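Remember, predicted model here, so these are calculated numbers, not experimental data. Within every chain, numbering begins at 1; the chains are lettered A, B, ... in the order of the sequence lines, protein sequences first and strands thereafter.
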Amino acid sequence: MALLVQSGVENFARNICGTFSFAADGARLAYMNGWDENEAFEAAAVPLSQRALMAARPAPYLDDLNPAQREAVEALDGPVLMLAGAGTGKTKALTARIVHLLRMGKARPNEILAVTFTNKAAREMKLRVGRMLGEVAEGMPWMGTFHSLSVKILRRHAELVGLKSNFTILDTDDQIRLLKQLIVAANIDEKRWPARMLAGMIDGWKNRALTPERVPSSEASGYAHRGTELYAQYQERLRTLNACDFGDLLLHCVVIFQAHEDVLAQYQRWFRYILVDEYQDTNVAQYLWLRLLAQGHRNICCVGDDDQSIYGWRGAEVGNILRFEKDFPGAHVVRLEQNYRSTPHILAAASGVIAGNAGRLGKTLWTDVKEGEKVRLIGHWDGEEEARWIGEEIEALQRGRRGLDPVGLDGQAILVRASHQMRAFEDRFLTIGLPYRVIGGPRFYERQEIRDAMAYFRLAVSPEDDLAFERVVNVPKRGLGDKAQADIQRTARQAGVALHEGARELVANGGIGGKGAGQLRAFVEGIDRWHWFVSNTHNPVEIDRYSERLVTLRVEREARLEQLAVLAEGDPLAEDLRLDLSRLASRIAVCKRDLDILDGSHMLLAEMILEESGYTEMWQNDKTPEAPGRLENLKELIKALEQFDNLQGFLEHVALIMDNETEEAGEKVSIMTLHAAKGLEFPVVFLPGWEDGLFPSQRSMDESGLKGLEEERRLAYVGITRAEELCTISFASNRRVYGQWQSQLPSRFIDELPQAHVEVLTPPGLYGGGFGAAAPFAVSSAMDERVSKADVYNSPGWKRMQDRVQTRGVAQPQEARGMVIDATAVSAFSEGDRVFHRKFGYGIVTGIEGDKLEIDFSKAGIKKVVAGFIVAAEDADDVPF
DNA sequence: AAGGCGATGTTTTTT
DNA sequence: ACATCGCCTT
């Protein structure tokens with residue numbers, strides 16, 4: 001073991017020195033780090049002009065900063081918490097800090113660990129550090145996402161968690177498929193206990209850095225009391241497959257750090273300074289990962305905004321940022337509060353809403369800007385009307401209106417709570433021909449055709465990849481159904497080999513009949529052939545062999561051509577010769593292609609695989625409207641291969657890079673979810689669908705109670721603060737929910753908007769005359785109690801309306817409002833209790849998790865509900881209505 | 001083995 | 001309303 005660790009460390013050191021190319025930008029680094037410049041220049045052979053450039057700009061990055069930013073940048077040593085409100089220039093401060101660390105000689109580029117959540121953020125940071133330094137920042141090997149950095153570390157120490165360093169990274173599809181197998185094997189009714197649910201639980205545990213044996217027994221009741229058992233089996237299975245899921249990447253790192261002091265110490269020495277972006281989004285595993293690495297020198301700088309924590313539902317712990325000063329006593333806390341993005345009204349509206357949350361670290365955003373429009377608020381009859389109005393408004397703003405400068409479509413965005421809300425806008429914009437773009441739809445590498453193609457590539461690289469085999473063994477249809485696939489599985493398991501070998505054996509011993517047999521043989525041989533090409537790339541012997549064959553074929557062609565030339569016109573032999581020639585031509589083409597593949601053209605190899613497997617053909621023959629798009633995507637995929645040296649390299653990276661890069665040109669309105677909008681900004685922002693139950697989402701409140709509501713409120717805060725100039729909030733009185741028309745009430749967040757910063761619009765057209773003019777009313781203006789029926793939806797009296805509805809106790813779906821949610825209420829229940837929920841009816845408690853109860857409702861099925869919403873069945877009569 | 005029909009459950013999403 | 005999924009038919 002010691003030997004392994006030792007060699008790992010050596011490997012590691014070599015890797016870092018190799019990755020960090022001193023030669024590339026040695027001069028600049030030498031300058032900033034105070035090394036012997038002349039020596040470095042000699043060695044690096046960098047043009048002197050570059051040195052001149054650096055010398056001419058002593059420290060421009062510091063002069064660009066405001067006092068708070070500067071404070072955060074200059075506090076280099078010890079723990080620092082940078083509380084950066086929306087639009088306060090946190091990325092600027094973060095990048096300046098990195099540059100400053102380098103310049104002050106505190107660390108070399110390879111000694112800084114800079115962590116982000118998304119590849120996009122990492123890219124952005126690299127770009128900006130590079131720009132500040134005056135060129136591309138090549139030498140920062142440890143700037144990346146939690147996951148990509150974890151992979152890098154894990155590859156070095158895979159053996160410490162029972163993996164080989166070439167482990168594969170599973171996507172969610174593979175994960176679910178694997179779990180399904182285990183569930184079936186465990187004799188569990190997959191219908192009652194879906195694999196997705198188990199996957200969710202396992203993810204949750206991994207997010208909390210819980211290995212199977214560390215899962216608290218209080219949670220053992222989940223998933224038919226067999227959750228932890230299946231979790232353990234799943235981990236075992238992953239190990240045999242030499243694979244990791246996303247959660248494992250972090251979990252394994254944490255486990256290694258915790259169990260191997262020497263390894264941890266090594267990294268603690270390497271990473272002299274640690275920077276973390278979006279700290280409010282870290283989960284427990286990420287928190288431990290960071291804390292372990294920072295433990296020694298405590299040179300950790302976390303940047304975040306507790307008010308923008310919107311990923312609690314996937315394991316993020318706001319608590320991490322709230323607790324920072326306790327975790328790192330003596331931490332230097334800096335607040336970035338000067339906002340460079342939005343007008344005062346927008347900031348005030350956002351602040352007003354977020355003030356409703358308890359337990360904030362607290363920041364007061366301010367701005368130098370004096371002018372600006374109020375946040376606009378408008379009610380509509382229904383969702384379609386809302387979409388219509390927004391469409392017209394966008395076009396009006398595009399033309400320039402009311403003395404406002406025209407705002408291009410790229411500067412306008414619609415931010416919705418849930419993606420299904422996008423449809424109304426897409427429909428409307430299609431009919432009026434308004435160009436739009438949906439941000440954050442299904443990601444490129446998540447598409448079916450891309451995953452299928454990738455499975456083929458995985459098989460070519462490693463034929464023993466059983467998950468890939470399963471995925472495509474019958475795609476395209478090869479007549480290999482459940483029966484045949486079960487036979488393959490059995491044969492493979494008995495022989496203790498991979499499915500690919502099992503299939504070969506099954507074919508060889510005639511264990512499979514019918515047309516499936518031939519097809520399976522072809523599939524197995526295809527994989528062999530593709531794999532042969534992968535393993536013989538650049539093999540000189542094979543290249544010679546193919547070259548010779550190509551020559552032979554060409555000679556043969558010449559011979560035929562000569563024969564043809566001497567034949568008389570109309571000679572019957574000529575036909576045969578021409579046929580021969582065309583056959584020869586295609587053989588030559590194939591041989592040439594094979595030779596190119598052997599020479600290292602992995603793009604041709606990929607094309608060949610998709611061609612020979614019949615995968616391309618399958619989509620060509622497909623008559624569905626999306627087939628052409630899928631073929632287009634496959635072409636894109638091949639194009640993406642170009643940036644990599646080989647298929648292996650491609651597969652390695654793709655697992656972690658899941659973003660969609662296709663950005664078509666042209667001015668377009670952006671439509672996206674509030675989550676997808678975090679970090680973005682637009683001059684004009686529309687926030688539709690502010691209705692209770694939709695936003696805040698009913699489900700969020702049911703499942704997480706007050707915590708959920710507060711997260712929704714942060715989402716509202718994020719939404720408003722995306723706007724630079726103009727922010728328009730809207731709601732509809734009627735909306736179709738799951739096909740049923742439902743009457744909606746304005747969101748409680750609307751009540752929380754400070755009136756002084758809001759302008760209320762009556763909808764043009766439908767009510768109040770239909771002349772298309774938007775007549776502004778001040779919210780504060782006293783309004784006649786005799787509001788007309790039509791005006792109810794946009795009058796300043798919706799508050800009263802809500803009050804009326806509440807005091808009258810009229811049935812409404814939003815009963816969470818005003819309820820006291822008592823986290824301790826959970827203790828009032830135990831498993832087996834018969835209980836009542838106003839929405840789901842009667843049920844039996846089947847488990848307890850934190851402040852939530854898992855209940856098997858007789859009508860609604862199994863749900864997890866906050867205990868505050870539950871009463872004992874015998875008290876059901878006390879529940880209103 | 002493969003395509004057609006009724007029951008089902010519907011947020012947010014990165015890696 | 002709608003898509004997905006498992007089951008049932010051919």
Side-chain angles (χ1 to χ4, degrees), chain A residues 115-122 144-151 169-172 175-176 180 189-192 194-197 200 203 206-207 244-251 278 281-283 285-286 309-316 383 415-424 427 439-443 445-446 474 476-486 514-516 519 653-660 672-679 689 693-704 708 711-712 714-715 718-719 735-742 860-863:
Chain A
V115 200
T116 62
F117 274 85
T118 63
N119 290 302
K120 196 174 149 206
T145 62
F146 274 105
H147 291 86
S148 68
L149 295 170
S150 294
V151 171
I169 300 164
L170 298 192
D171 57 36
T172 16
Q175 200 184 341
I176 297 284
K180 267 191 187 153
D189 180 10
E190 208 237 306
K191 222 169 158 160
R192 221 173 110 88
R196 298 214 155 270
M197 184 184 186
D203 267 357
K206 288 185 176 176
N207 283 339
C244 274
D245 62 21
F246 284 120
D248 281 337
L249 297 176
L250 282 147
L251 177 61
E278 306 280 17
D281 288 338
T282 49
N283 60 36
Q286 287 156 340
S309 163
I310 54 174
Y311 285 107
W313 50 274
R314 65 178 199 210
L415 314 182
V416 296
R417 175 61 182 80
S419 48
H420 63 79
Q421 291 172 262
M422 295 181 183
R423 247 192 94 146
D427 285 352
I439 309 264
R443 279 164 298 286
Y445 291 106
E446 259 166 31
N474 203 28
K477 298 260 179 289
R478 293 192 175 87
L480 301 164
D482 293 347
K483 173 81 169 50
Q485 291 188 43
K515 60 181 181 219
Q519 297 249 43
H653 284 265
V654 137
L656 291 174
I657 299 169
M658 292 296 253
D659 48 14
N660 197 353
M672 69 190 91
T673 62
L674 287 161
H675 285 91
K678 194 165 97 166
L694 184 60
F695 185 46
S697 137
Q698 188 60 46
R699 186 152 162 189
S700 209
M701 295 185 294
D702 285 348
E703 285 179 1
S704 315
E711 182 153 314
E712 297 286 308
R714 291 192 289 266
L715 217 35
V718 167
R735 199 174 284 276
R736 248 198 321 223
V737 182
Y738 305 139
Q740 305 272 132
W741 279 102
Q742 262 203 320
I862 294 153
K863 304 261 187 245

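- Counting only heavy atoms from C-beta on, A/Arg736 has its side chain closest to C/dA1 among B/dT12, C/dA1, B/dT11.
- Closest to the side chain of A/Lys477, from the set B/dG3, B/dT15, B/dT13, is B/dG3.
- Counting to the nearest Å, the C1' atom of B/dT11 and the CD atom of A/Glu712 are 8 Å from each other.
- Side chain of A/Lys483, nearest nucleotide from B/dT11, B/dA1, B/dT15: B/dA1.
- A straight line from CE of A/Met197 to P of B/dT10 spans 11 Å, rounded to a whole angstrom.
- Between A/His147 and A/Glu711, the residue anchored nearer the 5' end of DNA chain B, judged by the nucleotide with its closest heavy atom, is A/Glu711.
- Side chain of A/Arg423, nearest nucleotide from B/dT11, C/dC2, C/dG6: C/dC2.
- Taking atom NZ of residue A/Lys206 and atom C1' of nucleotide B/dT14, one finds them 16 Å apart after rounding to whole Å.
- Per the geometry, CD belonging to A/Gln286 stands 18 Å off P belonging to B/dT13, to the nearest Å.
- Counting non-hydrogen atoms under 4.0 angstrom, A/Arg714 reaches nothing in the nucleic acid.
- Summarising the geometry of A/Arg735 relative to A/Gly383, their closest heavy-atom pair is NH1-CA, 4.0 Å, with the distance given to 0.1 Å.
- Residue-level contact check: A/Ser419 touches the backbone only, with heavy atoms under 4.0 Å from sugar-phosphate atoms and none from bases.
- Contact annotation for A/Asp482: backbone-only contact, meaning every heavy-atom pair under 4.0 Å involves sugar-phosphate atoms and none involves a base.
- Residue ring and base: A/Trp313 counts as stacked with B/dT12 (centre distance below 5.5 Å, interplanar angle below 30°).
- Closest contact between the side chain of A/Arg443 and the listed nucleotides B/dT14, B/dT11, B/dT15 involves B/dT14.
- A/Asp171 places its CG atom 14 Å from the P atom of B/dT14, with the value rounded to the nearest Å.
- Between the C1' atom of B/dT8 and the OH atom of A/Tyr738 lies a distance of 12 Å, rounded to the nearest Å.
- Of the possible polar contacts, one joining the A/Gln421 side chain to the A/Ala418 backbone as a donor-acceptor pair under 3.5 Å is found.
- Expressed to the nearest 0.5 Å, how far CH2 of A/Trp313 lies from OG of A/Ser704 amounts to 11.5 Å.
- C/dA1 atom P lies 17 Å from atom CZ of A/Arg735, rounded to whole Å.
- For A/His675, taking side-chain heavy atoms from C-beta onward, the closest of the listed nucleotides B/dT11, C/dG6, B/dT13 is B/dT13.
- Annotation: of the two residues near DNA chain B, A/Met422 and A/Asn474, the 5′-most nearest-nucleotide partner is A/Asn474.
- Of the possible polar contacts, none joining the A/Gln286 side chain to the A/Leu250 backbone as a donor-acceptor pair under 3.5 Å is found.
- Counting non-hydrogen atoms under 4.0 angstrom, A/Thr118 reaches the backbone sugars and phosphates but no base.
- The main-chain N or O of A/Leu656 is never found under 3.5 Å from a side-chain atom of A/His147 such that the two would form a donor-acceptor pair.
- Between the side chain of A/Glu712 and the backbone N or O of A/Phe695 there is no donor-acceptor pair closer than 3.5 Å.
- One can place NE2 of A/His420 at 9 Å from C1' of B/dT10, the figure rounded to the nearest angstrom.
- A/Phe117 comes within contact range of the sugar-phosphate backbone alone, with a heavy-atom separation under 4.0 Å but no base atom that close.
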